[in-house]
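Each remark here refers to the structure printed beneath this line.
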Amino acid sequence: MTSTAYSRPSKLPGGGGSERRPRLMRGFASKIEPKKLGVGLIAGCCLALLTYVSLAKLFAIYSPVFASTANTSALLQNSPPVSSKPSVPETEAIPPQETPAGGGDRGDAVDLPEGSEEPGLPEAAIRKDMAAVSDEPGLPEALSRRKDDGENAADPKPCKESHISALFDSEEGEQKPNGGGEGKMTCDENGVDEGFPYARPTVCELSGDIRVSPKQKTVYLVNPSGGDSGFDASGEKKLRPYARKDDFLLPGVVEVTVKSTPSAAAAPACTKRHAVPAVVFSIAGYTDNFFHDMTDAMIPLFLTAGHLKGEVQLLITNYKPWWVQKYTPLLRKLSNYDPINFDEDAGVHCFASGFVGLYRDRDLILSPHPTRNPRNYTMVDFNRFVRGALALPRDAPAVLGEEPGMRPRMLIISRSGTRKLMNLDEVAKTAAELGFNVTVAEAGADVPVFAAQVNAADVLLGVHGAGLTNQIFLPTGAVVLQIVPWGKMDWMATNFYGQPAKDMQLRYLEYYVGEEETSLKDKYPRDHTVFRDPAALHKQPIRWETFAEIIMKQDVSVNMTNFRPVLLQALDKLQQ
C-alpha cells in the first residue's frame with residue numbers, strides 16, 4: 001500500500017518541471033527557524049566543553065615539575081587559613097604517663113621519629129611534609145587539608161590563645177625573618193592587691209616557637225631578635241608557678257626557667273608537637289586542703305584556661321598522682337588531654353602559645369580585670385563549670401509552698417578536727433523541728449560523691465572552715481549559714497565565705513559566737529588577750545602559727561535560744 005502523500009504530482013503551482021518536496025519533510029523544516037537552530041548548536045557545544053573540563057579537572061594529576069618552592073609557598077598562602085583553634089593531627093595515640101582515671105590519649109600531640117633533624121617545626125610545616133609522602137604523591141596541601149579546614153571553619157570565634165601560626169617559611173625549617181617566627185613573652189607582675197594580704201604571683205604568657213623541657217625545668221622561647229622584654233641580662237626569666245605568692249611556701253615550688261634562645265638550632269629538638277596551648281602550673285603549697293585546692297589551683301586554672309574549652313595541654317609541677325586522681329572530673333572538663341607530669345617527663349614538648357603560672361584573683365572571688373580576667377568571669381560561671389564537670393543536676397533550690405508537704409533539705413557539715421560544733425545533735429534536732437529535712441556529713445576525699453550531697457541541699461550550715469568551700473556545688477539561690485567562731489574573725493568570715501557566697505548568688509547568713517559559746521573560755525582567763533583584745537591577735541608581728549594555735553583550734557557550742565531565729569531566717573530566705 002502506498003501513501004497518497006508521496007504519489008501525488010510534485011509540481012509547484014505555476015512551476016514548470018521542479019520536483020516538489022514531500023509534505024512531511026516540508027512541515028518539519030518549516031517549524032525550525034534557521035536562527036534558533038544555530039543558537040541550539042552553540043549551546044550544545046558549550047555544554048559538551050564544560051563537561052570535558054570538569055572531568056579533566058577531577059582526574060588531573062598534579063605535576064611537581066611546575067611546582068617550584070616559590071609556587072608551593074604561593075599555593076599555601078592562598079589556601080584557607082589555619083584555624084586559631086587547630087584540629088588534632090591524625091597521628092598514632094601517645095601512651096599516657098600519669099593519667100586521670102580512665103586515661104585517654106593525648107590527641108593533640110605529634111610523635112616525632114627518633115633522631116629527627118628538624119627541631120621545632122610547627123604543625124603547618126609537618127603537614128606540608130606529610131603531604132609530600134602521602135598515599136597520593138604530589139597532592140597539594142591545600143587539597144589534602146580540605147576536610148580539616150572545613151571543620152575548623154565551623155568555629156566562627158576561635159580562641160586567640162590557641163592560634164598556631166606558621167613559624168617556618170621553608171621545608172628546611174628556617175624561621176620567617178619577620179613576624180611569624182618571632183617569640184614573644186608578656187608577664188603580669190602586678191601582684192599587689194590593696195586590702196588583701198596575699199600578693200599574686202607573676203604569670204607569663206608566651207607565643208611563637210616554644211619548647212618545654214620538663215627534665216631541664218626550662219621553657220625555651222625562640223627569639224631571633226634578642227628582645228629582652230621580661231628577661232634578665234642572661235636572657236632568662238625564673239618563675240615558681242604556684243598561684244599564691246607566699247614566701248613561706250614558694251621555696252617548695254619547682255622553679256621553672258623561661259629561656260630566650262637566638263635560633264631554633266640553639267633550642268632542644270622537639271619530641272612532641274602540640275596543636276593546643278600549654279599551661280605550666282604547680283600543685284604544691286597548701287593543696288590537699290579543699291579551700292586551697294580551689295583558690296590556689298582550680299579557680300586560677302579556670303581563670304587562665306577556661307576560655308579554651310578543653311583545647312589546652314596541662315603540665316603540672318610538684319605532681320601528685322592522688323591529687324590528679326581526686327580532681328579528674330574537673331581537670332577533664334578543663335582539658336581534653338591527659339596532664340603531663342612535669343617532674344618526670346623526659347620529652348621536649350613544642351607549642352605555639354602557652355602560659356607559665358596561673359592568673360588568680362582573691363580567694364573564692366572573681367572580679368573584672370583587663371589582664372587577669374579579661375573575659376569578666378564570675379563565681380557564678382565557676383559554679384556552672386563545676387556543676388557541669390560533675391553532672392550535678394540542680395541549679396535552683398526548693399521553694400517553700402510549691403509542693404504540699406515538701407521539707408527543704410539542710411546539710412550540716414561536721415568537723416572531726418578543730419572548730420567542731422559541740423552541740424551538733426541539738427542543732428540538727430531543732431532544725432528538724434522547724435521543718436528541715438536534715439543530713440549531717442563530713443566532707444571526704446571523694447569529691448563527686450560529696451558534691452552530689454551538697455547539690456541536693458537547699459541550706460548548707462557549717463562552722464568557719466574549708467568545709468564551707470563546698471558551697472560552690474550548691475544550686476544558685478540556695479542558703480549558706482556560717483557559724484563564725486570567737487576571735488574577731490569578721491574579715492576572714494566575710495572574705496573567705498560570706499562575700500563569695502553572695503558573688504555566687506547564694507543567700508548568706510552568719511552567726512557570731514559569743515564568749516560563752518567558745519571552748520576558749522575553758523582554756524584562757526577572761527583577762528587574756530583573746531578576750532580582752534582579740535583584734536590584736538590579727539596584727540603583725542603576731543605570727544600565723546600563734547593565731548592558728550589560739551583562735552583556729554577552738555570548738556563552739558551555740559546558744560539555741562539565740563541560734564533558733566537564724567534557722568528561721570534560713571526558712572524565710574527559701575520563700576523569697
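All residue numbers in this chain count up from 1 along the given sequence. Heavy-atom basis, side chains included; hydrogens, waters and symmetry copies ignored. Predicted model, so just to flag it, every value in this text is computed and none were measured.
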(message) Donor-acceptor pair, distance only, cut-off 3.5 Å: does the side chain of Glu189 make one with the backbone of Thr202?
(response) no
(message) If we count only N and O atoms by modelled type, under 3.5 Å, do the side chains of Tyr511 and Glu517 hold a donor and an acceptor together?
(response) yes
(message) Looking at Asp458 and Arg394, is there a salt bridge between them, counting it only when a charged N and a carboxylate O are closer than 4.0 Å?
(response) yes
(message) When you measure from the side chain of Gln499 to the backbone of Ala493, do you find a donor-acceptor pair of N or O atoms at a distance under 3.5 Å?
(response) no
(message) Quick one: does any side-chain atom of Asn437 pair with a main-chain N or O of Pro408 as donor and acceptor, under 3.5 Å?
(response) no
(request) Report the C-alpha distance between Arg244 and Asp363 in whole Å, list the side-chain angles of each, state the deciding distance to 0.1 Å, and finish with yes or no for salt bridge (charged side-chain N to carboxylate O under 4.0 Å, His left out). (result) CA-CA 10 Å; Arg244 181 181 291 269; Asp363 296 330; 2.9 Å; yes
(request) Could you tell me which residues satisfy side chain to side chain contact (heavy atoms under 4.5 Å, CB included) with Ser335, sequence neighbours excluded, listed by chain and number? (result) Val312, Leu314, Tyr337
(message) Please report the interatomic distance CZ(Phe473) to CG(Asn455), rounded to the nearest 0.5 Å.
(response) 9.5 Å
(request) Kindly indicate, with the supporting measurements, whether the criterion ring-ring contact (aromatic ring centres under 6.0 Å, His included) is fulfilled by Phe531 and Tyr524. (result) CA-CA 8 Å; Phe531 294 113; Tyr524 299 98; 7.4 Å; no
(request) Could you tell me which non-hydrogen atom of Met560 sits nearest to which non-hydrogen atom of Val427, and how far apart they are? (result) SD-CG2, 3.8 Å
(message) Please determine whether the number of non-hydrogen atoms from other residues, nucleotides or ligands lying under 6.0 Å from atom CE of Met422 exceeds 12.
(response) no
(request) May I ask you to check whether Glu442 and Ser416 show a side-chain donor-acceptor distance below 3.5 Å? (result) yes
(message) Can you pull out every salt bridge (Lys or Arg N to Asp or Glu O under 4.0 Å) where at least one residue sits in residues 379-393? Sequence neighbours excluded, please.
(response) Asp381-Arg384
(message) Determine whether Trp323 and Asp293 satisfy the following criterion, side-chain hydrogen bond (donor to acceptor under 3.5 Å, both in side chains), listing intermediate values before the conclusion.
(response) CA-CA 9 Å; Trp323 192 93; Asp293 287 343; 3.0 Å; yes
(message) For Lys245, is there any backbone N or O sitting under 3.5 Å from a side-chain donor or acceptor partner on Arg200?
(response) no
(message) Using side-chain heavy atoms (C-beta onward) and a distance below 4.5 Å, is Pro214 in contact with Asp343?
(response) no
(message) When you compare the side chains of Tyr286 and Asp296, does any donor N or O come within less than 3.5 Å of an acceptor on the partner?
(response) no
(request) With rounding to the nearest 0.5 Å, note down the distance linking CG in Leu330 to CG in Leu390. (result) 5.0 Å
(message) Can you confirm whether Lys521 is buried at NZ, in the sense that more than 12 heavy atoms of other residues, nucleotides or ligands lie under 6.0 Å from that atom?
(response) yes
(message) Assess whether a salt bridge exists between Arg372 and Glu205, defined as any Lys/Arg side-chain N lying under 4.0 Å from an Asp/Glu carboxylate O.
(response) no
(request) Run the salt-bridge test on Asp533 and Lys539 with the 4.0 Å N-O cut-off and return the result as yes or no. (result) no
(message) Below 30° counts as parallel, above 60° as perpendicular, anything between as tilted: where do the rings of Phe382 and Phe302 land?
(response) perpendicular
(request) Check the angle between the aromatic planes of Phe496 and Trp491 and answer parallel, tilted or perpendicular using the 30° and 60° thresholds. (result) perpendicular
